[in-house]
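A short worksheet on the structure shown next.
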Amino acid sequence: MIVVTGATGNIGRPLTRALAQAGERVTAVSRHPAPVPDGVRHLTADLAEPAALGDVLEDVLTEAKALFLLLSGDLHGPGGAPAELVLRAASAGVRRIVLLSTQGVVTRPFGPTRIAMRALEDLVRESVPEPAVLRPGGFASNTLWWAESVRTGRSVAAPFGDVATPVVDPADIAEVAAACLLEDRHVGGVYELTGPEVISPRGQTAALSAALGVPLRFHELTREEAGAAMARSMPMELADDTLDILGAPSAAELRIGPGVREVLGRDPRSFADWAARHVDAFR
């Protein structure tokens, strides 16, 4: 049996579906109730609450051969217990953990959240015999933050309008994660995942406009305006880190990561492809 945390999000949902289609027994864990594919067991647990680890997951982990570990930002804050989950999984006999980490542990290794994530990577490697680590860059799905303004005002507001970076399709991350969970050849792998090109917020807006078939206006936010909006859904430190990357990406952050091709044998999906598949969210 395979346990998938964050199972109803942009990565967890297609990953859960892919594992179920491959004939695996899957337990999907998410913070809120949500539909899952037929045959998949769903558990509701807030992994930021240490008590949930014992109350909800203890029996599940004793049955599991593998765990996909996706951490929300607050798991690195006060009360979060990602290391405890790793240790409990290892103690329960889970052999394989695939950790969704971040490209930033290499490109910007000194921030507190990235130091904590690198320590978690090390803990996973030390605790189970079959680890794998995924290090994605920015997500194409972050543009869903624009959905309401696109629907209601045919406009996009974002900072650093002409600064281009690679963005990865969460569906590619899910496919890579499924391969790492199912195939022994990826044990010990560390995979850097990005899209196939660099694209700016203005370029993403143009791609969304083409997918929708309607013109969209682009309004460039100041860093301060963007930071205030982002702080409503993430810790301010993480918002600042994100804005640093978006505004002044390093050479390493502009590199097209090889991970999707290494694992899947094909090029990553483009942002335009992501936009075409998710156009209904913006209508």
Side-chain angles (χ1 to χ4, degrees), residues 1-75 80-82 84-86 88-89 92-101 124 128 130 132-134 136 139-145 147 168-183 186 193 233 260 263-264 269 273-274 276-282:
M1 188 258 288
I2 298 175
V3 176
V4 177
T5 64
T8 58
N10 293 315
I11 298 168
R13 188 181 301 110
L15 172 58
T16 299
R17 184 169 57 248
L19 294 173
Q21 290 173 347
E24 296 290 331
R25 284 197 307 132
V26 182
T27 295
V29 181
S30 64
R31 184 171 293 179
H32 304 290
V36 295
D38 290 343
V40 172
R41 174 169 54 170
H42 181 263
L43 295 177
T44 301
D46 185 348
L47 300 185
E49 296 292 334
L53 301 177
D55 295 344
V56 178
L57 289 180
E58 195 79 35
D59 292 340
V60 172
L61 291 174
T62 62
E63 301 177 42
K65 64 180 181 180
L67 168 68
F68 176 70
L69 185 54
L70 182 156
L71 306 177
S72 59
D74 55 2
L75 280 172
E84 183 177 349
L85 178 54
V86 170
R88 282 179 180 262
V94 175
R95 293 186 54 80
R96 183 170 301 186
I97 295 180
V98 177
L99 173 66
L100 187 73
S101 182
V124 167
V128 297
E130 300 176 359
V133 174
L134 311 184
F139 290 10
S141 54
N142 288 344
T143 55
L144 290 169
W145 294 340
V168 60
D169 189 327
D172 281 343
I173 302 174
E175 283 191 43
V176 170
C180 289
L181 289 163
L182 296 173
E183 300 172 14
H186 301 301
L193 308 176
S233 60
V260 172
V263 176
L264 302 179
R269 296 176 173 94
D273 180 82
W274 180 90
R277 295 191 344 265
H278 292 84
V279 68
D280 286 347
F282 297 89

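Only this structure's heavy atoms are used, side chains among them; waters, hydrogens and symmetry mates stay out.
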Output for pair (Glu63 CD, Asp59 CG), nearest 0.5 Å, gives 7.5 Å
Do Val260 and Arg269 touch side chain to side chain, with heavy atoms closer than 4.5 Å?
no
Practice problem: Could you tell me whether the side chain of Thr143 reaches within less than 4.5 Å of the side chain of Trp274, counting heavy atoms only? | Solution: yes
### Query
Would you say the side chain of Val26 lies within less than 4.5 Å of the side chain of Met1, judging by non-hydrogen atoms?
no
>> When you compare the side chain of Thr16 with that of Phe68, does any pair of heavy atoms fall below 4.5 Å?
In response: no
For Thr44 and His32, what are the C-alpha separation, side-chain angles and deciding distance, and is it a side chain to side chain contact (heavy atoms under 4.5 Å, CB included)?
CA-CA 6 Å; Thr44 301; His32 304 290; 5.7 Å; no
Q: For residues Leu134 and Val176, determine if any side-chain heavy atom of one lies less than 4.5 Å from a side-chain heavy atom of the other.
A: yes
For Val128 and Val86, run side chain to side chain contact (heavy atoms under 4.5 Å, CB included): C-alpha distance rounded to whole Å, both residues' side-chain angles, the deciding distance at 0.1 Å, then the answer.
CA-CA 9 Å; Val128 297; Val86 170; 5.7 Å; no
Within the structure provided, determine whether Leu67 and Ile2 are in side-chain contact (heavy-atom separation under 4.5 Å). no
Discussion item. With side chain to side chain contact (heavy atoms under 4.5 Å, CB included) as the criterion, how do Leu70 and Leu15 come out once you've worked through the C-alpha distance, each side chain's angles and the decisive distance to 0.1 Å?
Written reply: CA-CA 12 Å; Leu70 182 156; Leu15 172 58; over 6 Å; no
Carboxylate-amine/guanidinium contact Lys65 Glu130, below 4.0 Å: no
Margin query: Measuring only between side-chain heavy atoms, which start at C-beta, is Leu19 closer than 4.5 Å to Leu181?
Written below: yes
Heavy-atom distance under 4.5 Å between the side chains of Val168 and Ile173, does that happen here? yes
- Do we see a donor-acceptor contact under 3.5 Å between the side chains of Arg13 and Thr8? no
dist Arg88:CZ -> Thr62:OG1 (nearest 0.5 Å) comes out at 12.5 Å
Under 3.5 Å, is there a donor-acceptor pair linking the side chains of Ser30 and His42? yes
* Worked verdict on Val40 versus Thr27 for side chain to side chain contact (heavy atoms under 4.5 Å, CB included) -> CA-CA 6 Å; Val40 172; Thr27 295; over 6 Å; no
